[in-house]
Protein chains: 2
Amino acid sequence: MPRRSAAVDSGRRARTETPLSRDRILAAAVGLADREGIESLSMRKLAHQLGVDPMSLYNHVRDKEDLLDGIVDVVVAEIEPAANGPDWQSTLRETILAARRTLLRHPWAARVIESRAAPSPSTLRHMERVMDIVRSAGFSLDLAHHALHVLGSRVLGFSQDLFDDSEDARPDPEAAALLARQLAVSHPRLGELAAATHDGGLGGCDDDVEFAFGLDLILDGLDRRH
Amino acid sequence: MPRRSAAVDSGRRARTETPLSRDRILAAAVGLADREGIESLSMRKLAHQLGVDPMSLYNHVRDKEDLLDGIVDVVVAEIEPAANGPDWQSTLRETILAARRTLLRHPWAARVIESRAAPSPSTLRHMERVMDIVRSAGFSLDLAHHALHVLGSRVLGFSQDLFDDSEDARPDPEAAALLARQLAVSHPRLGELAAATHDGGLGGCDDDVEFAFGLDLILDGLDRRH
DNA sequence: ACCTGAACACCGTTCAAGT
DNA sequence: ACCTGAACACCGTTCAAGT
């Protein structure tokens, strides 16, 4: 019975609202991933949310891989181009920080980008911008190439902080202190690090500060090799 | 009928061969992932390969997440510690290259490591080694902390080359040349890069060279800030 | 041309039952 | 203590049928 009423809804929607389209599907998929996490993004749930039969999606999307390619392209296209700064460092820095801001809005996106075999059109456009900045600054083709590699995932705004530092992944203060004391026994070098941070755990660092440190270190290194 | 004979086999095995254990399960899982890829690693296939009922695994492993935690720990434990070199740079370099060699043997491992929320015991041991190298070299706690972050996934041997450069992902030469000409129209900076590489495609770079370039750039940068 | 529903071949895991 | 099988609640996708 809910089945039937859903079918009626979808019939109504198809006539009175915008019909199904690839863009509408991709937008809904991004929204679903933002709201419920990427692991909750299934063809079936996505169809349900659009008020449509699961198989209807396949008229606009080849398969789930194609859907993932599509939402990556949508997200990367959100990265706003940076204005030209006084030197290549500041333009490149702003470009990469703009990418980071976009990726922080879609926390699932970094992982999905990594899982794609090839760059999407918007990703190519973004890489082109990065290459243009360094080539215009006079980098040799070879150094520009190295730059693209060493900047790695930073080009797309994520630095691969391997473990979860997020607020809600942190234990409460006394648990963190206990952990730090235990760590100090078996892993003294990590222990002293944990003891020095604000909350006594291994997390608790400022991601923005760490990202900027790494980015500037790389920009400096490239400048010296330039 | 195959069902029944499998049950008999498993009964036989349980008496004549080593019984099921967490270690045996993890070893089989690593082997399965090595041979057929991580996407083929399911609880059901793993049980089948061990000649055992799927649910038997749950006596030694809490759930699939626990299994993934386990195989990450096994792989990272394979990283051999580096001997002390003449300076901290060479010791750290060798430690990170050792990690890279291990991760290259298990191409699926980098992605699984990234998906874990917290470092495994062997990962902590490895990070402890890295921290010990820089602290023994006189790095301040703060700089050592930054170092761990900026080295990022390189500590575990992967540099996050975002897109597939592998041999078999490369198109044939004439197709690559065509792609390069098309790229040159819409993305001139990427086009000139593609034209300059050996096969005319965007891939075709030497991953080892790129990894070493990035690693040395970071080591130099850390040295200057030291 | 687009949408649908039934069906197939998979998943991970709970639970009650066996030894 | 360990193992098992049936069962549940999911997946992605093929295919034949509808409009």
Side-chain angles (χ1 to χ4, degrees), chain A residues 1-26 28-29 32-33 36-71 108 112 115-116, chain B residues 1-26 28-29 32-33 36-71 108 112 115-116:
Chain A
M1 183 183 321
R3 206 98 268 276
R4 177 151 159 55
S5 80
V8 167
D9 283 350
S10 100
R12 259 246 246 39
R13 173 191 300 263
R15 237 158 285 136
T16 65
E17 299 188 18
T18 41
L20 213 46
S21 71
R22 182 170 230 265
D23 285 351
R24 220 160 73 77
I25 290 172
L26 295 183
L32 188 55
E36 305 191 15
I38 190 69
E39 71 288 344
S40 287
L41 177 61
S42 71
M43 298 298 278
R44 294 170 115 109
K45 271 193 205 145
L46 180 56
H48 178 78
Q49 162 164 319
L50 286 161
V52 118
D53 185 278
M55 286 316 299
S56 301
L57 301 178
Y58 288 82
N59 290 304
H60 304 93
V61 134
R62 193 169 54 256
D63 53 17
K64 192 173 183 184
E65 287 298 291
D66 188 35
L67 177 77
L68 295 177
D69 285 343
I71 62 176
W108 47 270
V112 182
S115 72
R116 303 301 85 199
Chain B
M1 186 186 320
R3 208 99 267 278
R4 181 151 157 54
S5 80
V8 168
D9 282 349
S10 100
R12 257 245 247 40
R13 174 191 299 262
R15 239 158 284 135
T16 65
E17 300 187 19
T18 40
L20 214 47
S21 71
R22 183 169 229 264
D23 285 351
R24 221 159 73 78
I25 290 172
L26 295 182
L32 188 55
E36 307 191 13
I38 190 70
E39 71 287 346
S40 287
L41 176 62
S42 71
M43 298 300 276
R44 293 172 115 112
K45 271 193 204 146
L46 180 56
H48 178 79
Q49 161 163 320
L50 286 162
V52 118
D53 186 278
M55 287 315 299
S56 300
L57 301 177
Y58 288 82
N59 289 304
H60 303 92
V61 133
R62 193 169 54 256
D63 54 16
K64 193 173 183 185
E65 288 298 292
D66 188 34
L67 177 77
L68 294 177
D69 286 343
I71 63 177
W108 47 270
V112 181
S115 72
R116 303 299 87 198

Worksheet item: Which comes earlier along DNA chain D counting from the 5' end, the contact point of A:Arg62 or that of B:Leu57, where each point is its nearest nucleotide?
Response: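 Its nearest nucleotide lies further toward 5', so the answer is B:Leu57.
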Of the candidate nucleotides [options], which contains the atom at the shortest distance from the side chain of [X]?
X: A:Arg44; options: C:dC2, D:dC15, C:dA7; answer: C:dA7
X: B:Lys64; options: D:dG5, C:dT4, C:dG12; answer: C:dG12
X: B:Met55; options: C:dG5, C:dG12, C:dT13; answer: C:dT13
X: A:Leu20; options: C:dT4, C:dC3, D:dC11; answer: C:dC3

Nearest 0.5 Å, what's the [atom1]-[atom2] distance between [X] and [Y]?
X: A:Leu20; Y: A:His60; atom1: CG; atom2: NE2; result: 5.0 Å
X: B:Asp53; Y: B:Asn59; atom1: CG; atom2: CG; result: 10.0 Å
X: B:Asp63; Y: B:Leu57; atom1: CG; atom2: CG; result: 12.0 Å
X: B:Ser40; Y: B:Leu46; atom1: OG; atom2: CG; result: 12.0 Å
X: B:Ile25; Y: B:Met43; atom1: CD1; atom2: CE; result: 7.5 Å
X: A:Arg24; Y: A:Leu26; atom1: CZ; atom2: CG; result: 11.5 Å

What integer distance in Å separates [X]:[atom1] from [N]:[atom2]?
X: B:Leu41; N: C:dC11; atom1: CG; atom2: P; value: 10 Å
X: B:Glu65; N: C:dC11; atom1: CD; atom2: C1'; value: 14 Å
X: A:Lys45; N: D:dA9; atom1: NZ; atom2: C1'; value: 11 Å
X: B:Asp63; N: C:dC11; atom1: CG; atom2: C1'; value: 14 Å
X: B:Glu39; N: C:dC11; atom1: CD; atom2: P; value: 12 Å
X: A:Arg22; N: C:dC2; atom1: CZ; atom2: C1'; value: 16 Å
X: B:Tyr58; N: C:dC15; atom1: OH; atom2: P; value: 13 Å
X: A:Asp53; N: C:dC2; atom1: CG; atom2: C1'; value: 12 Å

Practice prompt. Scan A:Ser56 against the nucleic acid and name what it touches under 4.0 Å (heavy atoms): base, sugar-phosphate only, or nothing.
Written response: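 Base contact.
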Discussion item. Under 4.0 Å, heavy atoms only, any strand: does A:Met43 hit a base, just the sugar-phosphate, or nothing?
Written reply: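 Sugar-phosphate, no base atom in range.
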Worksheet entry | Test side chain to side chain contact (heavy atoms under 4.5 Å, CB included) applied to A:Arg44 - qualifying residues, sequence neighbours left out |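 A:Arg44 satisfies side chain to side chain contact (heavy atoms under 4.5 Å, CB included) with A:Ser42, A:Pro54 only.
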Practice prompt. State the dot-bracket string of DNA chain C. Criteria: Watson-Crick or G-U wobble, both atom distances under 3.5 angstrom; notation: ( ) intrastrand, [ ] crossing earlier pairs, | interstrand, . unpaired.
Written response: ||.|||||...|||||.||
Worksheet item: So, is B:His60 near the phosphate of D:dA1, with a side-chain N or O under 4.0 Å from OP1 or OP2?
Response: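 Negative; the distance criterion is not met.
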